Each structure stands twice: as structure tokens, then as C-alpha cells.
Amino acid sequence: MSGDGEPGGPAWTVLAPAGDRFEFVDLDAEGTETARATLTAAELPALVATRVRTRWVWADAAHAYGRMLVAGARVARAWDLRLCRRILRSAVDPDGHGALGPYDAWDGEAAPAQDEGLFPLQTGHAPRTDEAVVELRRQLAALGGAPDRGRLRMLLHGESAGALVSEEMHAAGLPWDAAVHGRILTEQLGPRPAGGGVPARMAELAEEVRAALGDPSAILDSPPKLLRALRRAGLPVASTSKWELREYEHPVIEPLLTYKRLARLLTANGWAWLDEWVQGGRFRPVYVPGGVVTGRWASSGGGALQIPKLLRPAVRPDAGWVIVDADAAQLEPRVLAGMSRDLALAAAARGRDLYAGVVASGAVATREEAKYAMLGAMYGGTKGDSGRLVPRLRRAYPTAMAVVDGAAAEGERGGTVRTWLGRTSPAPDAAWLALSSDAGAEGAPPALRDLARRAAGDRGRFTRNFVVQGTAAEWALCWLAGIRSRLHAMGEATGPRAERSGPVFAARPHLVFFLHDEVMVHTPAEHADAVIAAVQDAAAEAGRLLFGTFPVDFPLDVDIIGTARAD
DNA sequence: TCTGCCGGCGCG
DNA sequence: AAAGCGCGCCGGCAGA
């Protein structure tokens with residue numbers, strides 16, 4: 001293979017699984033093919049090992065990289081064609097060069113893993129890697145014509161690195177102690193009922209609720225029926241949400257709220273969840289990088305992004321290992337300071353507590369006010385304390401507020417907005433545009449105008465939040481990618497191995513969890529300090545990558561979860 | 001019996 | 001104390 005002649009390997013290797021083998025095409029930096037071959041899974045690790053600088057290209061990491069990891073091959077860099085196309089489609093002016101063309105098949109969802117038709121564009125005579133090579137060249141050409149290609153390239157690299165991390169975390173799994181989880185369930189619900197009946201504690205609470213309502217046949221699991229039962233008992237509630245119930249003084253409230261909490265625990269993360277999602281001491285959720293329009297990750301199955309705090313004690317490292325748990329404090333307002341270049345907000349963000357900094361600046365009186373005002377600024381709060389406090393923030397931080405206010409105004413007009421690195425918000429759909437134009441027509445009925453005004457407001461709050469949430473997601477991608485490369489550079493450890501984490505990660509620190517602004521790293525205990533340093537370094541680097549020398553801090557809260565945790 | 005919508009609630 | 005943004009998942013329910 002001629003590509004092996006270059007130090008660190010070829011610039012690009014386009015790879016696709018083909019049955020139980022893998023076919024690949026090497027390209028040089030100019031995109032010219034230099035080699036191609038087909039390999040068995042067993043041959044992959046040796047190939048990857050010689051290519052430390054190669055960027056691996058595939059249609060979809062979930063399809064290609066997941067199999068590589070099982071085969072024991074980990075790559076350093078990647079280009080995920082499907083994720084990159086989604087960003088480039090809206091980032092590149094479609095009327096400009098038309099560089100991406102109408103190949104909508106690349107914009108769709110990932111193909112099911114067992115689907116041989118992963119490349120929907122395959123014409124029947126071309127090898128599937130050739131389709132990917134064509135798409136890669138198309139994307140690079142589009143990127144070359146993009147206005148702010150430096151940032152956009154960083155976003156595409158970050159997005160693709162995120163896809164690597166998501167596959168690696170799925171392969172390694174989050175260490176999950178089913179016995180601790182079971183103990184929590186038993187404490188809360190009572191013993192597991194045989195045959196899937198109602199747990200004892202819930203049955204007791206249901207009886208208390210029925211007694212307090214004076215209604216022995218009241219049904220608690222159906223909101224409409226529960227609502228009627230509450231009203232019959234004299235409670236003038238409009239819904240059965242706990243937010244509203246909380247406001248009433250009545251003997252039914254406390255047992256009912258407890259019942260609802262336990263019902264939620266049982267259905268969302270009860271014994272059935274444990275049976276389905278935890279095997280061999282690992283929880284392996286399916287992450288969906290870029291699954292949210294803002295660029296945040298989504299998840300599919302297992303509710304990985306909704307693990308209740310109550311169950312956090314079930315996260316436990318293997319013997320001889322620890323879990324480093326780090327989250328970025330007040331990430332979104334800090335990102336807003338960076339992207340707006342607002343020096344006053346950046347000054348308030350100096351140090352650990354941004355809200356304390358806002359109070360110290362005199363903008364508001366208390367930390368709680370600072371928190372709600374900031375929430376209102378980023379989400380578009382209009383009512384209550386939040387709406388009342390936002391104008392004070394506008395006076396104290398006009399530069400930062402101009403960014404979110406401007407994004408809201410653009411959204412209300414029907415325009416699109418962009419994150420700091422260049423992810424574009426979706427355009428309004430046909431129904432929104434139709435409503436907007438109908439309501440703007442001469443003689444439109446007031447009710448229609450109200451509807452349109454509300455839709456405009458909704459969209460303004462969406463675009464307002466899009467720029468902040470999306471840029472925070474970009475910071476997090478840079479953070480993740482930086483942690484990943486630093487952990488790999490640390491090398492393998494001696495001592496006990498985490499065999500359940502798979503061949504690539506059994507002896508080295510590795511990421512096991514990511515949730516918007518939080519990461520967990522499972523590491524041999526001897527490396528814990530080095531991991532903390534890596535996570536801190538990566539956070540500082542993420543800030544520099546996005547905002548250069550602009551002085552905004554990104555402090556982390558870091559915890560170590562040990563084997564012998566006392567909870 | 002299946003499918004899609006909705007209320008409700010967990011997470012950030 | 002606010003209820004403004006973004007998700008996924010569950011059970012119930014109405015309509016096919």
C-alpha cells in the first residue's frame with residue numbers, strides 16, 4: 001500500500017464495512033487516491049496503529065467505528081460524512097456554488113446497523129467507498145467556499161470527534177452497580193413485586209390518597225380521571241402536575257406527590273429498566289451526537305440523558321479504578337460572555353461563581369435574582385421575576401444582551417441565526433411562514449394576528465436560546481475531544497484491568513459519560529490525578545479554541561467516585 | 001390491535 | 001421566588 005510511505009499515514013482513509021470485512025481507500029492531502037484494499041477485522045488494529053495522523057472518513061460512525069472498536073481498533077481523527085453534511089448543508093449558501101448538490105440521502109438518519117443499504121446512493125456497480133469519496137470531495141469543496149471556514153472546520157472536526165467519543169462510550173459502557181440500584185428501588189418502593197404488580201409502598205400511598213379523597217375507587221394513573229377525582233374532593237385544580245398540586249393545603253397532596261414520584265421511578269428506571277439496560281456491570285446507552293438542532297447530543301433508548309439524581313450512587317468504578325466526574329459551572333452564561341466579547345460579563349464570570357459576580361457588579365441584589373435573570377435572558381423569560389429582572393441585566397451587560405436580543409429579533413422575523421462556530425438554526429416551516437403572511441395581510445382577523453404574534457414570540461425564544469445552547473454544545477465538543485486525546489496520550493496502566501470495558505479500554509483511562517456540560521472518566525486509580533489535570537487542561541483549551549485570548553473562565557466542579565463510596 | 005398525540009416529569 | 005429553551009420516555013387515550 002503506497003499510503004504507508006507517508007509518515008503518520010495518508011491524509012485521509014475512507015472506510016466502509018462490507019460484510020465481515022472492511023474496504024478502504026487512501027487519499028492524499030489533495031484528495032487524490034493513492035491506495036485501496038479490503039481487510040479482515042483482525043487486520044484492522046495493525047493498520048490503524050501505523051496511521052497516527054490519518055483522518056478516517058465514513059458515512060456514519062455508528063456503523064463503521066462501532067465495528068472497528070469491537071475489533072480492537074481505535075482511531076485518533078475522523079470525518080463523519082453524515083454529520084458534517086448536515087452542518088454544511090445549511091452553512092453553505094445553497095445559491096452560492098451549489099457545492100453540495102441535491103444528494104439528500106446523505107442528510108437522513110443513520111442506517112440501521114444491519115442494513116446493507118447504508119449508502120443509499122450506491123448505483124450497483126460502484127464500490128461503496130467510492131460514493132463516500134465523492135461525498136468527501138464535495139464537502140471539502142463546499143467548505144473551501146464557506147465564508148468563515150476556519151471556525152466551520154473546527155466545528156466539523158469537533159462534531160466528528162464527538163461521534164468517536166459516543167461510539168467509544170457505548171463500547172466501554174458506564175460502570176453501573178445493579179445491586180446499589182436495586183437497593184435504592186427497594187428502599188423507595190418496597191421489594192420487587194412478583195409478576196410485575198404494584199410495589200407495596202405505592203399501594204399503601206394509593207390507599208392514603210383514596211382515603212384523603214373519600215373516593216375508594218379513585219384512579220391515580222390516568223391524569224383526566226385523577227383530575228376529576230381531585231375536583232370532586234373540592235380542589236379547584238386545572239391540571240394534575242406536581243407544580244400546581246404543590247400550591248394546595250390538603251391531606252391528599254403529600255401522599256399523592258410521593259405516589260407520583262415513585263410511579264415515575266418505577267416506570268422510568270425501575271427493575272424492568274435494570275433488566276433491559278444493565279448487563280455485566282455496564283449501562284450502554286445509545287448516544288446520538290448532533291441529535292438536537294442546537295448541536296447538543298440526544299440519546300435513543302435507556303434515557304441516558306435523564307438518569308435521576310437519586311440513582312447516581314449506582315455509578316461505581318471497577319475495583320482498583322475510580323471515576324472522575326467533572327462539570328462545567330454555569331457554562332451557558334460564560335459562553336455568552338465569550339461570543340459577545342462582553343468584558344463586563346466576563347469579569348463577573350471570573351472565578352467560580354458567575355452569579356456571585358453578577359451580584360457584586362451591582363446589577364441585582366441576590367444570587368437567586370442573578371440566576372433567574374440570566375435564565376430569563378437566555379430563554380426569553382417575560383413574566384414574573386425573571387421578566388422583571390432581565391432589563392437590569394440589559395443595562396449591566398448591554399453587549400452580551402445585544403447578542404441574545406438580536407438572535408430573538410431575527411427569529412421573530414423568520415430569519416435564521418448561527419452559533420459561534422457556524423451551525424445554522426433551522427428555517428421556519430411552511431406553516432409558520434403561512435401564518436405569518438396571512439396575519440400580515442390587510443384585514444386579517446385579530447385572532448389570527450394574535451396567533452401569529454405568539455408563533456413569532458415562540459420562534460424568537462428558540463433562536464435566542466439557539467445561539468447560546470448551540471455555542472455551549474460547541475465548547476463541550478472541544479472539551480470532549482481534548483479530554484479524549486489527552487487520555488489516550490497517557491498510555492496504558494498497570495494493575496487491575498477493566499475487562500468489561502472492552503479490548504481498547506481495559507487498561508487505560510476512558511470517557512464513560514457525557515451530558516451537555518458534564519463528563520465522567522473511568523480510570524485506574526493510579527491515574528486519577530493525571531485525569532483531573534487532563535480534564536482541566538482540556539476545559540482551558542476549549543475556551544481558547546473558541547474565544548482565543550478573550551478573558552473568560554470555564555471553571556469545573558470535579559468529584560472522584562471511588563469503589564468504597566459510603567452512600 | 002395498532003398508531004400517534006398528549007400530559008407529565010426526569011435531565012441540562 | 002421562575003415556568004422562558006432543548007430533549008426522551010412512559011402510560012393513557014382517541015381514532016383508525
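Proteins get letters first, then strands, A, B, ... in listed order; numbering begins at 1 in each. Keep in mind the model is a prediction, meaning the values are calculated, not measured.
Within 4.0 Å (heavy atoms only), A:Lys371 reaches no atom of the nucleic acid at all. Residue contacts shown for A:Val293 are limited to sugar-phosphate atoms, with no base heavy atom under 4.0 Å away. Here A:Gly302 lies in heavy-atom contact (under 4.0 Å) with sugar-phosphate atoms only. Base contact: A:Tyr372 has a heavy atom under 4.0 Å from a base atom. When heavy atoms are screened at a 4.0 angstrom cut-off, A:Arg461 is found touching the sugar-phosphate backbone but no base atom.
Side-chain contact between A:Tyr65 and A:Leu164 is present, with heavy atoms from C-beta onward closer than 4.5 Å. Within the 4.5 Å cutoff, side-chain heavy atoms of A:Phe547 are placed close to those of A:Phe554. Side-chain atoms of A:Tyr287 and A:Leu305, non-hydrogen and from C-beta on, do get closer than 4.5 Å to each other. For the pair A:His250 and A:Leu235, the minimum side-chain heavy-atom distance is below 4.5 Å.
For the pair A:Asn269 CG and C:dG8 P, the computed distance is 16 Å after rounding to whole Å. If you take CG of A:Asp221 and P of C:dC10, they are 15 Å apart, rounded to a whole angstrom. When rounded to the nearest whole Å, the span between CZ of A:Phe513 and P of B:dG12 equals 8 Å. Note: CZ (A:Arg459) to C1' (C:dG4) measures 17 Å, nearest angstrom. Between the CH2 atom of A:Trp297 and the C1' atom of B:dG12 there is a distance of 14 Å, given to the nearest Å. Spacing between atom CG of A:Leu393 and atom P of C:dA2 amounts to 16 Å, rounded to whole angstrom units. Regarding A:Leu230, its CG atom lies at a distance of 17 Å from the P atom of B:dG7, rounded to whole Å. Between A:Ile219 atom CD1 and C:dC13 atom P there is a gap of 8 Å when expressed in whole angstrom units.
For A:Pro224, whose side chain is taken as the heavy atoms from C-beta onward, the closest listed nucleotide among C:dG4, C:dA1, C:dC13 is C:dC13. Comparing C:dA2, C:dC7, C:dA1 by their closest approach to the side chain of A:Thr366 singles out C:dA1. Set against C:dA2, C:dG8, C:dG6, the side chain of A:Asp385 has C:dA2 as its closest nucleotide. With distances taken from any side-chain atom of A:Glu368 to the nucleotides C:dA1, B:dG12, C:dG8, the minimum falls on C:dA1.
A donor and an acceptor atom, one from each side chain of A:Ser217 and A:Asp215, are located under 3.5 Å apart. With no hydrogens or angles considered, no side-chain donor-acceptor pair links A:Gln279 and A:Arg284 at under 3.5 Å.
In this structure, A:Glu368 places its CD atom where more than 12 heavy-atom neighbours from other residues, nucleotides or ligands lie under 6.0 Å away.
Rounding to the nearest 0.5 Å places NE2 of A:His510 at 12.5 Å from CE of A:Met520.
Listed by residue number, there are no residues of residues 400-420 of chain A with a heavy-atom contact under 4.0 Å to DNA chain B.
Nearest-nucleotide mapping onto DNA chain C: of A:Ser386 and A:Asn465, the residue sitting toward the 5' end is A:Ser386. Summary of the strand contacts: A:Glu247 and A:Thr267 both lie near DNA chain C, and taking for each the nucleotide with the nearest heavy atom, the more 5' one is attributed to A:Glu247.
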Look for any protein N or O under 3.5 Å of an N or O in nucleotides 9-11 of chain B and output each such pair with its distance, or none.
unit_1, atom_1, unit_2, atom_2, d
B:dC9, OP1, A:Lys242, N, 3.4
B:dC9, OP1, A:Lys260, NZ, 3.4
B:dC9, OP2, A:Lys242, N, 3.1
B:dC9, O2, A:Arg264, NH1, 2.8
B:dG10, OP2, A:Lys242, NZ, 2.3
B:dG10, O4', A:Arg264, NE, 3.2
B:dG10, O4', A:Arg264, NH2, 3.0
B:dG10, N2, A:Gln306, NE2, 3.3
B:dC11, OP1, A:Lys309, N, 3.0

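Base orientation for B:dG7: anti, the chi torsion being more than 90° from 0.
A cation-pi arrangement is absent between A:Arg418 and A:Trp420 under the rule of less than 6.0 angstrom and at most 45 degrees off the ring axis.
A:Phe462 and A:Phe466 have perpendicular rings, their planes meeting at more than 60° on a 0 to 90° scale where under 30° would count as parallel.
For C:dG4, there is no paired base (Watson-Crick or G-U wobble, both distances below 3.5 Å).
In summary, the aromatic rings of A:Trp176 and A:Trp273 are positioned with their centroids under 6.0 Å apart.
Checked by distance alone, A:Arg464 brings no side-chain donor or acceptor within 3.5 Å of a matching partner on the base of C:dG4.
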